[in-house]
Amino acid sequence: YSSSSSSSPPTGPSRGRRNVADITQEEHDKRLAVQEKDNKWHKFVEGNLILKQGMLYKRKGLFPRRRMFLLTTGPHLYYVDPDSNVLKGQVPFSATLRPEGKNFRTFFVHTPHRTYYLEDPSNTSQQWMQTLEEVRDYYFSSHYSSS
Ligand code: 4IP
């Protein structure tokens, strides 16, 4: 296990697998239509396309809270209480958002005013971190600015 996913190869436009946020308008529209029809979390994401979703535990205060995390175009990272079906908040997305791995389950998301402490019960924290970095880089790195 390596503690930072930034050791993985860069996912710029010209190397290997495409960035998860780098989709054509046509693909976007097609996927959004499917999401509207089939995804029960669609109503929380303000019309954005969900790029990754999954149940995570968010620690703050006394108990870890089980939340559905929805990473979307925009970009946004929403979280919903799956029991009450209520949108509880968003992790503020910016160029300085930075995931940091602790182990397969636990990772942090650093933002300017708060560090989120998250746990992935499926032990795929690395995938979450990688996708967060991809989406951040797609929206905020000069790599992807239109030419
Ligand atoms: C709560 O803890 C929950 O963890 C909230 O998470 C969290 O809000 C609160 O932090 C925290 O005090 P208790 O219920 O044990 O008191 P959630 O909103 O997911 O239910 P956020 O959304 O900010 O993490 P505060 O400081 O934001 O109130």
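Please read all numbers here as calculations on a predicted model, not as lab measurements. Both counts, for ligands and for their atoms, begin at 1 and track the order of listing.
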Nearest non-hydrogen protein atom, [atom]:
atom	result
atom 8 (O) of ligand 1	K58 NZ, 4.3 Å
atom 20 (O) of ligand 1	R67 NH2, 2.7 Å
atom 13 (P) of ligand 1	R65 NH2, 3.3 Å
atom 26 (O) of ligand 1	K60 NZ, 2.4 Å
atom 22 (O) of ligand 1	Y79 OH, 2.7 Å

Practice task
Please verify whether a non-hydrogen atom of R114 lies at under 4.0 Å from ligand 1.
Solution key: yes

Exercise for the section: Determine whether more than 12 heavy atoms belonging to other residues, nucleotides or ligands lie under 6.0 Å from atom CZ of F140. Expected result: yes

Problem - Pair R18 + E27, salt bridge at N-O below 4.0 Å - result: yes

Handout entry: Cationic N near anionic O, under 4.0 Å, R65 to D81
Key = no

Practice task
Would you check if the side chain of S125 reaches a backbone N or O of F107 as a donor-acceptor pair within less than 3.5 Å?
Solution key: no

Handout entry: Sidechain-backbone polar pair: S94 side chain, T96 backbone, donor-acceptor under 3.5 Å
Key = yes

Practice task
Would you please test Q53 and N39 for side-chain hydrogen bond (donor to acceptor under 3.5 Å, both in side chains) and show each step?
Solution key: CA-CA 11 Å; Q53 67 180 56; N39 193 324; 2.8 Å; yes

Practice task
Check whether any N or O atom of Y116, backbone or side chain, sits under 3.5 Å from an N or O atom of ligand 1, and answer yes or no.
Solution key: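 No; every N/O pair is 3.5 Å or more apart.
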
Exercise for the section: Using a distance threshold of 4.0 Å (strictly less than), state whether atom 28 (O) of ligand 1 has a protein heavy-atom neighbour. Expected result: no

Exercise for the section: Look up atom 16 (O) of ligand 1 and tell me if a protein heavy atom lies less than 4.0 Å from it? Expected result: no

Handout entry: Check: E46 and Y78 side chains under 4.5 Å, non-hydrogen atoms
Key =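 Yes, side chains in contact.
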
Exercise for the section: Give the atoms of ligand 1, by number and element, whose distance to some non-hydrogen atom of L62 is under 4.0 Å. Expected result: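 Those qualifying, in numeric order: 15 (O).
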
